[in-house]
Undergrad: 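Just passing along the structure, written as structure tokens.
Along the sequence shown, residues are numbered consecutively beginning with 1.
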Amino acid sequence: MPVLCIQELQVNPDVDGIYEDGIGGANTASEYPTAIQTNATWGLARLSSNTTLKYTNVTATDFTFYYDPLAGESSDIYVIDSGVYLDHTDFGGRVTWGITYVGKDKVDEYGHGTFCASGLAAGATYGVAKKANIIAVKVLDSIGRGATSVAIAGLNYVYQMAQTSGHPSVVSFSLTWKAFKPLDDAVNKVAAGNDAEDASLYSPCRAQNAITVAASDILDRKRASSNYGLAVFMFAPGSDIVSTSIENEHSAPYVAGIVASFQPHANMSIEDVKLALHKTSLINVLKDIRKSKALFTPNRLAQNGFPPKEQE
């Protein structure tokens with residue numbers, strides 16, 4: 001429309017306003033379709049359910065999980081842990097070995113990394129971001145121990161690799177040490193820990209840029225051994241969790257998978273990630289934390305942003 005015509009219409013008392021036209025249509029939800037997994041664990045199911053699960057068999061694998069079929073595509077999840085079992089079928093060839101700092105090269109001697117990070121974060125059956133790349137950074141030995149300096153070296157390695165990969169990157173770090181500032185400075189994504197203490201007493205849980213995750217059970221209660229406090233950003237399922245190897249108790253890898261799931265749609269800063277996690281989470285659903293020494297722990301439960309249609 002010519003500018004002169006627009007100016008004449010703007011002063012015409014019979015015209016309410018002038019707006020740019022747009023294209024619409026039926027809402028088919030095709031932009032972000034939802035995939036459905038019917039052989040999921042309770043931990044996965046809770047991440048896409050707006051309500052407490054009615055079925056409470058923690059070992060069952062017939063729960064329903066709703067998720068983004070692109071979850072994790074072109075994203076890298078760095079697993080700083082005991083390594084990853086490279087040939088596990090649940091990873092579908094998406095695992096590469098980054099670097100070994102202790103123990104045998106390209107072998108997960110302890111099993112922790114395979115279970116709590118790769119299985120929950122990105123496994124095809126047990127994981128959230130089912131298309132993410134998994135990169136193993138081995139900092140723990142065969143009995144699950146590692147030096148703080150080695151953990152820092154692992155984080156520095158990830159930082160260097162992420163700068164050149166061209167891929168959105170997430171760090172899954174389900175390990176804790178007593179408070180140590182150099183480790184805090186190196187961290188991005190961590191777990192709250194499992195000492196039933198204030199997370200601010202541990203590194204890298206207390207780090208400013210950490211997304212520190214406490215653990216909940218199938219009844220939406222804080223797991224007894226989970227850390228707590230203002231250093232915690234949110235809760236996620238982390239009790240009696242079934243994954244690629246054993247049953248264990250970890251919650252941070254689920255959130256790492258959720259973060260990787262966000263990335264196919266936008267390369268996000270840490271501030272963007274925290275905002276997205278906050279927007280998709282459930283508020284005030286954790287039971288009893290207001291009656292315990294976990295009083296000031298944020299009552300926020302992680303969600304992947306893909307609830308079933310009837311719950312929206």
Side-chain angles (χ1 to χ4, degrees), residues 41 43-44 46-47 72 75-82 84 110-123 126-129 132 134-137 139-140 144 146 151 154-155 158 169-177 183-184 186-197 199-200 202-217 222-223 225-229 231-244 247-262 270 273-274 276-278 280-281 286 297-298 300-304:
T41 62
L44 284 178
R46 190 65 188 94
L47 296 177
S75 296
D76 294 336
I77 298 179
Y78 289 87
V79 180
I80 301 181
D81 211 289
S82 59
V84 178
Y110 188 55
H112 189 269
T114 300
F115 170 87
C116 77
S118 307
L120 305 187
Y126 305 103
V128 178
I134 304 164
I135 302 171
V137 179
V139 300
L140 299 184
L155 286 162
V158 171
S169 300
V170 182
V171 179
S172 182
F173 196 100
S174 296
L175 316 171
T176 55
W177 284 262
L183 183 55
D184 296 337
V187 76
N188 175 27
K189 159 73 192 67
V190 295
N194 302 307
D195 299 286
E197 293 186 287
S200 65
Y202 290 85
S203 290
C205 309
R206 64 181 193 162
Q208 183 177 359
N209 286 336
I211 300 171
T212 302
V213 186
S216 60
D217 67 14
K222 184 186 86 70
R223 197 185 72 227
S225 61
S226 177
N227 285 355
Y228 54 85
V232 170
F233 182 77
M234 69 192 329
F235 284 82
S239 180
D240 298 309
I241 300 297
V242 179
S243 181
T244 48
E247 292 181 25
N248 213 319
E249 299 180 344
H250 295 282
S251 53
Y254 276 142
V255 176
I258 292 174
V259 174
S261 299
F262 292 156
I270 184 64
V273 166
K274 286 186 175 183
L277 287 171
H278 187 277
T280 57
S281 65
L286 275 297
T297 307
R300 183 184 300 137
L301 184 63
Q303 294 277 280
N304 69 344

Undergrad: In the structure I gave you, are the side-chain heavy atoms of Ile211 and Ile270 within less than 4.5 Å of one another anywhere?
TA: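 Result yes, sub-4.5 Å side-chain heavy-atom pair found.
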Undergrad: Checking the side chain of Ser216 only, and the main-chain atoms of Ala236 only, is there a donor and an acceptor separated by less than 3.5 Å?
TA: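 Yes, Ser216 side chain to Ala236 backbone: donor-acceptor pair under 3.5 Å.
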Undergrad: Nearest 0.5 Å, please: how far is CD1 in Ile135 from OH in Tyr78?
TA: 3.5 Å
Undergrad: Taking all heavy atoms of Tyr126 and all of Tyr254, pick out the closest pair and write down the distance.
TA: O-CE2, 4.1 Å
Undergrad: For Ser226 and Ala215, indicate whether the former's side chain and the latter's backbone hold a donor-acceptor pair under 3.5 Å.
TA: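 At least one qualifying donor-acceptor pair exists.
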Undergrad: With side chain to side chain contact (heavy atoms under 4.5 Å, CB included) as the test, would you mind laying out the steps for Ile241 and Phe115 before giving the verdict?
TA: CA-CA 10 Å; Ile241 300 297; Phe115 170 87; 4.2 Å; yes
Undergrad: What are the two closest heavy atoms between Ala132 and Ile77, and how far apart are they?
TA: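 Nearest heavy atoms, Ala132 then Ile77: CB-CD1, 3.8 Å.
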Undergrad: Within the structure provided, determine whether Leu155 and Leu183 are in side-chain contact (heavy-atom separation under 4.5 Å).
TA: yes
Undergrad: Could you check whether any side-chain heavy atom of Phe262 comes within less than 4.5 Å of a side-chain heavy atom of Thr280, counting everything from C-beta outward?
TA: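 The answer is yes, as the side chains (C-beta and beyond) meet within the 4.5 Å cut-off.
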Undergrad: Evaluate the side chain to side chain contact (heavy atoms under 4.5 Å, CB included) criterion for residues Val139 and Leu175: first the C-alpha distance (whole Å), next the side-chain angles of each, then the deciding distance (0.1 Å), finally the verdict.
TA: CA-CA 10 Å; Val139 300; Leu175 316 171; 3.9 Å; yes
Undergrad: So, for Pro253 and Leu120, which heavy atoms are closest and what is the spacing to 0.1 Å?
TA: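 Closest heavy-atom pair between Pro253 and Leu120: CB-CB, 3.7 Å.
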Undergrad: Is the closest side-chain heavy-atom distance between Val128 and Ser261 below 4.5 Å?
TA: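 Val128 reaches Ser261 side chain to side chain.
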Undergrad: Treating Ser82 as the side-chain partner and Gly113 as the backbone partner, does any N or O pair qualify as donor plus acceptor under 3.5 Å?
TA: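 Judged by distance alone, yes, a pair lies under 3.5 Å.
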Undergrad: Quick check: closest heavy atoms across Val232 and Ala214, and the distance to 0.1 Å?
TA: CG1-CB, 3.8 Å
Undergrad: Please work out which of the three classes, parallel, tilted or perpendicular, describes the rings of Phe173 and Trp177, given edges at 30° and 60°.
TA: tilted
Undergrad: Is there a donor-acceptor pair closer than 3.5 Å between any side-chain N or O of Ser281 and the backbone N or O of Ala302?
TA: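 Checked: no pair found.
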Undergrad: Can you tell me how far CZ of Phe235 sits from CG of Leu286, rounded to the nearest 0.5 angstrom?
TA: 4.5 Å
Undergrad: How far apart are the closest heavy atoms of Leu47 and Ile258, and which atoms are they?
TA: CD2-CD1, 4.2 Å
Undergrad: Working to the nearest 0.5 Å, report the span between OG1 of Thr212 and CG of Asn227.
TA: 10.0 Å
Undergrad: Working to the nearest 0.5 Å, report the span between CZ of Arg46 and CG of Asn304.
TA: 11.5 Å
Undergrad: Side chains of Met234 and Leu277, heavy atoms from C-beta outward: is any pair under 4.5 Å?
TA: yes
Undergrad: Measure from the side-chain N and O atoms of Arg300 to the backbone N and O of His278, and report whether any donor-acceptor pair falls under 3.5 Å.
TA: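 No.
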Undergrad: Testing the basics here: between Ser172 and Ala256, what is the closest heavy-atom pair and its distance to 0.1 Å?
TA: CB-CB, 3.9 Å
